[in-house]
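Data first, discussion second: the structure below is written as structure tokens.
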Number of protein chains: 2
Amino acid sequence: MPDNLGQEEYELLARLAHRYYVDGRTQEELSREFGLSRPKVQRLLERARWTGVVDIHVEAPPWLHLDLEAQLRGAFGLADAIVSPARADPQAQREEVARCAARYLERRLRDGYVVAVSHGRDTGEVPRFFRPARRLGCTFVSAMGGSPRVDAPTNPNEICRAFAERAGGRAVSLFAPAYVESAEMRDRLLAQDAVAEALRVAAAASMALVGIGGTDDDCTMVRSGCFSAEELARLRRWGAVGDVLGNYVDARGRVIASPESGRLIGLSIDDLRRIETVIAVVSEAEKPKAILGVLRAGVVDVLILDEGNARAVLGATGEDRGSGTTRGAGTARVTRRWEAPRAGTKEVVGSTTVR
Amino acid sequence: MPDNLGQEEYELLARLAHRYYVDGRTQEELSREFGLSRPKVQRLLERARWTGVVDIHVEAPPWLHLDLEAQLRGAFGLADAIVSPARADPQAQREEVARCAARYLERRLRDGYVVAVSHGRDTGEVPRFFRPARRLGCTFVSAMGGSPRVDAPTNPNEICRAFAERAGGRAVSLFAPAYVESAEMRDRLLAQDAVAEALRVAAAASMALVGIGGTDDDCTMVRSGCFSAEELARLRRWGAVGDVLGNYVDARGRVIASPESGRLIGLSIDDLRRIETVIAVVSEAEKPKAILGVLRAGVVDVLILDEGNARAVLGATGEDRGSGTTRGAGTARVTRRWEAPRAGTKEVVGSTTVR
DNA sequence: GTGAGAGGTGAGCAAATGCTCGGGCGTGGA
DNA sequence: TCCACGCCCGAGCATTTGCTCACCTCTCAC
């Protein structure tokens, strides 16, 4: 198969690889057995992997999209990205994403962690699926104020309460609206101990779980009564494409300093940047622009979303990055781990996947 | 694919494996990323390999028989076994085996090595293919006496000379016949300085290259005039099935103390046992009994032979050992290296190879 | 309720592995 | 012929990995 290999070399590589991977000898044993230096054996094994004499294949469940996840991580420098299986029904899709988020939290939460939580339908679904293996001494705190037209489970306080119940931890509520009428009113509210204290806890969180909002007329901010359609239209004119915790950003990820930003009660983008792990959960269709904007703002560490948004976001990034790996998730050829001995990276990786 | 895995676990294993093998993270990074202890990650990766979520495949050239080699090593405790590609024509087959032997020597020989060499048509072919990359300060010494009806290239002295020429080393000749008329004559010859010296060098060799002789009427010993057909028939009656360096053994590998053994000039089986690496080269058809006998004598460390003999020897060993691995050499599932977490060995290995 | 056993867990260590770097050798050009 | 360049090689070190062992928890029988 590897045509650029001489017969002699092919035999040697195959022998070494077989002895190493199948028979389980160590490289040192092989070096004695074949009369080579140990580093030489290691270089030859590397070459065997590189030429395809050794093929390491990861058989992933068909419903996972590890390739998309890898592309997302790569494209946006995320610590992690999770693409949930696709569902036709929006509610089912939301639950699927929430399930992924819940699993993720279960893996990552540790006693004593403080988690700042946003509002939103996506975020709100997460607690339902959250079942940690044991009681966690965690604190869940609202990272933003509540919405006037409350349908309970999407309000941050309520979400925190649900989390705390599931985790056996405690909830810290923020008793304030997300947006107040004026900057002056905001400052006076922030001077209240109860409000200031909650925000202080939230700002010191080690983790944040946030949704990503859009700017269409049906977005959470409008539905929940925070904004009128006119206010939102004005934000769009300012270039807004989406928000986290009420902080709007434009397509290039720059925070928009609109009149609205002065009326916001909750963590700022800069507050978020100081939080170690910011987890964004998104499931709704037609959100790629908002997601892109927020990703470009560089506050998100972990992105959990559905397949459709993942593809849309990646598609919008520019031409197909790593199109070679777009094949079925099941077939993942070895790239970075067993890099080419010495060669330009991207290029060469591209050529292996052909094979 | 792995049906005995829960969905959740399958996902986790796939994620870990992908991150480890494809993205090249370390286990420690994964442990942080997934919120697991490092040993846990390592156990999960082990499980991923074991359940087939990760599949390591060695693509060997179709003309190699790495599976047969592994079985030979296993069955007879050999340090190494090399099965040469099959050839229909006996002479072509002999050359193929000799080529393998030559390659093997090239890999193993080091400056200062002393190699004891037997007579025989197989051994005699090796020097023709021997082309070390650089001059080797090696000594090649006859491990047994010569034969009366000399056709030059099968006499040990001549083989040594050819080796020395190719290697740029030196040859030490043994000026004596393989068999003399009586034990008394042998003792007197051994008392000769020239003879004793050569044998002393041979006995102190770090390597021996020997053929394996049969007991049919056309064997080297008869063709070369060492024995008459009658003498050979007598050896057969004593149970002889084959020889190394003129030392005959029976089917169970016991040395035969016949009248002939007292007349032999060359290294004994015990001398051979003291040599670190004894390499046996065999190609002729119909030799499996001789090979088996000699293997059972436990003097051979490395066996180099043709496919037909390899299969015959293994077939005769008892029922198909490791029949699971008898498939094409190209497909070698991982066994020993990534053993089952905790389980009886043979059994479990058998079951992987099914898959 | 209580005790015994099985199974799972992570600290810590020994071995194996990957990698860097200085040095030798061959090749091709002046 | 001699020199420069580049390639390959292996010693030695830092990191990663595999593994052992003591402990902990959970289950089940008594």
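The sequence lines fix the lettering, A, B, ..., with proteins before strands; numbering per chain opens at 1. What's counted below: heavy atoms across the whole structure, side chains too, no hydrogens, waters or symmetry copies.
Look at CG on A:Leu36: it is 11 Å from C1' on D:dC9, rounded to the nearest Å. Across the protein-nucleic acid pair, A:Leu44 atom CG and D:dC8 atom P stand 12 Å apart, rounded to whole Å. The interatomic distance linking B:Arg25 (CZ) with D:dT17 (C1') rounds to 18 Å, in whole Å.
Taking 4.0 angstrom as the limit, A:Lys40 places none of its side-chain polar atoms (N or O) nearer than this to OP1 or OP2 of D:dG10. OP1 or OP2 of D:dG18 lies within a sub-4.0 Å distance of a side-chain N or O belonging to B:Gln42. Taking only side-chain nitrogens and oxygens, A:Tyr20 comes nearer than 4.0 Å to OP1 or OP2 of C:dT17.
Rounded to the nearest 0.5 Å, atoms CD (A:Gln27) and CZ (A:Arg38) are 5.5 Å apart. To the nearest 0.5 Å, atoms OG1 (B:Thr51) and CD (A:Glu59) are separated by 10.0 Å.
A perpendicular orientation is assigned to the rings of B:Tyr10 and A:Trp63, their planes being inclined by more than 60° (bins at 30° and 60°).
Within residues 27-34 of chain A, the residues that place at least one heavy atom under 4.0 Å from DNA chain C are, in residue-number order, A:Gln27.
When the nucleotides C:dG10, C:dT17, C:dC19 are ranked by their closest atom to the side chain of A:Glu46, C:dC19 comes out on top. Here the nucleotide nearest the side chain of A:Arg38, chosen from C:dG10, D:dC19, C:dG18, is C:dG18. Nearest nucleotide to the side chain of B:Pro39, out of D:dG10, D:dG18, C:dG10: C:dG10.
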>> Walk me through whether A:Tyr113 and A:Glu276 qualify under side-chain contact (heavy atoms from CB on, under 4.5 Å).
In response: CA-CA 11 Å; A:Tyr113 273 26; A:Glu276 202 186 319; over 6 Å; no
> Do B:Val201 and B:Val114 pass the side-chain contact (heavy atoms from CB on, under 4.5 Å) test, and can you show the C-alpha distance, the side-chain angles, and the key distance before you say yes or no?
Replying inline: CA-CA 8 Å; B:Val201 172; B:Val114 177; 3.9 Å; yes
> Should B:Phe34 and B:Leu44 be marked as a side-chain contact (heavy atoms from CB on, under 4.5 Å) after you check the CA-CA gap, both sets of side-chain angles, and the distance that decides it?
Replying inline: CA-CA 12 Å; B:Phe34 286 78; B:Leu44 288 172; over 6 Å; no
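For DNA chain D, if you chain together Watson-Crick or G-U pairs that step i with j, i+1 with j-1 and so on, the runs of at least three with distances under 3.5 Å are C:1-30 with D:1-30.
Side-chain N/O atoms of A:Tyr104 and A:Arg99 include no donor and acceptor closer than 3.5 Å.
Under the 4.5 Å side-chain criterion, counting only non-hydrogen atoms from C-beta, B:Ile279 is not in contact with B:Asp301. A 4.5 Å side-chain heavy-atom check between B:Leu105 and B:Arg108 finds every atom pair outside the cut-off.
Remark: the B:Arg43 side chain and the C:dG10 base include a donor-acceptor N/O pair separated by less than 3.5 Å.
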